[in-house]
Amino acid sequence: MSSYDTLWINARLATMTPGAVPYGAIADGALGAKDGAIAFVGERAELPDAPERLAARVVDAARRWITPGFVDPHTHLVFGGERVADFERRVAGQSYLAAASGGSGIAHTVATTRATNEETLYREAAQRLRAMIASGTTTVEIKSGYGLDVETELRMLRVARRLGRELGITVRTTYLGAHVVPPEYAGRRDDYLALVCGEMLPRVAREELADAVDVFCDTIAFSPAESARVLDAARRLGLAVKVHADQIADTGAAALAARYGALSADHLEHTGEAGIAALAASGTVAVLLPGAYYYLRETVKPPVEALRAHGVPIALATDCNPGTSPILTLPTVLNMACVLFGLTPEESVAGVTRHAARALGLDDRGELRTGMRCDLALWDIASPPELCYWLGTSRCAGVVIAGEPL
Ligand code: NIG
Ligand code: FE
C-alpha cells in the first residue's frame, strides 16, 4: 500500500506557516495527501523514496505555486435580484445612508429575495460560487439576512447548505436575521427582535441550518443593547457568534463582539483604540472588507496600524453582496487590501488563509501542514506577492478539495 494517495512534486509551496521564511515558502517542494489530509509537506529531497514508490498518483506541478485553498469568511452570496440602480445613484453622489432610508439599500434586496424561489436562488448563487472557486476559494461562509421572515431566512440557509453539498467545497452558514429591521416591523423593533430570538433562531438551530449567528451592530441597523439580545439568544443555543461592527460609526460594536468571544468582528472602519484592545484580549479575528470600502467610496480606513500593534489577527473577505460589494474573487480583495488599506502582500495572503480559517473557527485548514485538510490552490505565478498584483485575470490553475482535484 502506498504512503500517499496523491503526491505533488516539482511544486513551489507557500505553506503560510508563520516563521522566519516569508510565506513559509519551500522552493522545490513536495506535498503528499492521504485520506483527504496532508501527510507530507517539505523539500522534495526529503522524500524517503522515489515518488512513484510512495504514491498511487504522482502529479507534476510544473513549478506552479501551491497555497492553502483560500477561505472567504464573510459573504452574502445568496440573494435575489441585483442593486444596479443603487450603484448608479451612488456613482452620481448618493450616500449609503440615503439609500438605507429610502426604498433602496438592503430593504430592496429583501423584497427581491423574498420574491425569488429556492431553485432560482440556488442557480444564481451557484454561478457566483463557481467563479469564486475558479479563483482559488475552497471554503466560503454564506449569510442569510435578506429574508428577515421565517420562511425566506430558512430558504436562504437551505440554499447555502445545498451549495456546499453540490459544489463540493466547504460552506459555513451564518444566520443574519438581525441584518436590519424589515419594513413591516417599522416602529416595532422590539417585536422584530422577539421574532429573531424567540422563533427564527431556535428554528434555525433545530434544523441545523446555521454554524454561527451574526448581527449588524451599527447606526442603520441594531444598537449594542439590541445586538446583545441576539448574541445572548445565540449563546443559549450554543452557536458561535460574529458581528458586523463599526462600519458606519464607532458604536462600541467591536468591544461587544469581544465581550461575547465572537469568532470575528467584521468591517471595523470606525473602530477606536478601546475596541481594538478588546478584540486583542478576546482573540477575536478582525475581518476587513476592502470591497465594501471601495464600492461605498469610503474615506475612513480600518485602523490597520493599531490592529497590528495589538496583535489582532487580520482576515480578509469579499463581503460578496449585491449592494456594497459585488465582488466574487479573493485575488481582487488581496489587491484592494494592499492598495487601499496598506496591508503587505504577505499579510494579505495570510488574511485569506490562516487568519480566515480562524475567523470561521476552523483549525484544520489555512496552512500547508501535516494533519491539515488537503485543500489547495495552484497558481501560475512566479512568486507569492504576485497573488496580490493582478486585477481582472485569474492566475488560479485549479483547486484541490480534501486531496482530490476539483
Ligand atoms: O456587509 N453591512 C451590512 N451588510 C452588508 C451590506 C448589505 C447590503 O447593502 O446589501 C455588508 O456590507
Ligand atoms: Fe456583510
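Just follow the structure's listing: the first ligand is 1, and inside any ligand the first atom is 1.
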Quick one: which of [options] has a heavy atom closest to [atom]?
{"atom": "atom 8 (C) of ligand 1", "options": "Asp214, Asp86, Ile106", "result": "Ile106"}
{"atom": "atom 7 (C) of ligand 1", "options": "Tyr295, Tyr146, Phe216", "result": "Tyr146"}
{"atom": "atom 11 (C) of ligand 1", "options": "Thr109, Ile248, Asp319", "result": "Asp319"}

Could you check [atom] against the protein and tell me its nearest heavy-atom contact, residue, atom and distance included?
{"atom": "atom 2 (N) of ligand 1", "answer": "Gln247 OE1, 2.9 Å"}
{"atom": "atom 4 (N) of ligand 1", "answer": "His179 NE2, 2.9 Å"}
{"atom": "atom 5 (C) of ligand 1", "answer": "His76 NE2, 3.6 Å"}

At the Fe ion (ligand 2), what is the angle formed between atom OD1 of Asp319 and atom NE2 of His76, rounded to the nearest 10°?
90°

Please report, to 10°, the angle around the Fe ion (ligand 2) from atom NE2 (His244) across to atom NE2 (His74).
90°

Parallel under 30°, tilted from 30 to 60°, perpendicular over 60°: which one fits the rings of His179 and His244?
tilted

For ligand 1, which atoms, with element, lie under 4.0 Å from some heavy atom of [X]?
{"X": "Thr324", "answer": "6 (C), 9 (O), 11 (C), 12 (O)"}
{"X": "His74", "answer": "1 (O)"}
{"X": "Arg83", "answer": "8 (C), 9 (O), 10 (O)"}

Side chains of Asp214 and Thr174, donor plus acceptor under 3.5 Å
no

Give a yes-or-no answer on whether the side chains of Arg83 and Thr112 include a donor-acceptor pair shorter than 3.5 Å.
no

Please confirm whether the ring centroid of Phe70 lies under 6.0 Å from the ring centroid of Trp379.
yes

Quick one, Leu239 with Leu201, criterion side-chain contact (heavy atoms from CB on, under 4.5 Å). Give me CA distance, side-chain angles, the key distance, then yes/no.
CA-CA 10 Å; Leu239 288 164; Leu201 240 177; 3.9 Å; yes

Salt bridge flag under 4.0 Å for residues Asp380 and Arg395
no

Over 12 foreign heavy atoms within 6.0 Å of CD, Glu208:
no

Which heavy atom of Val171 sits nearest a heavy atom of Arg161, and at what distance?
O-NH1, 4.2 Å

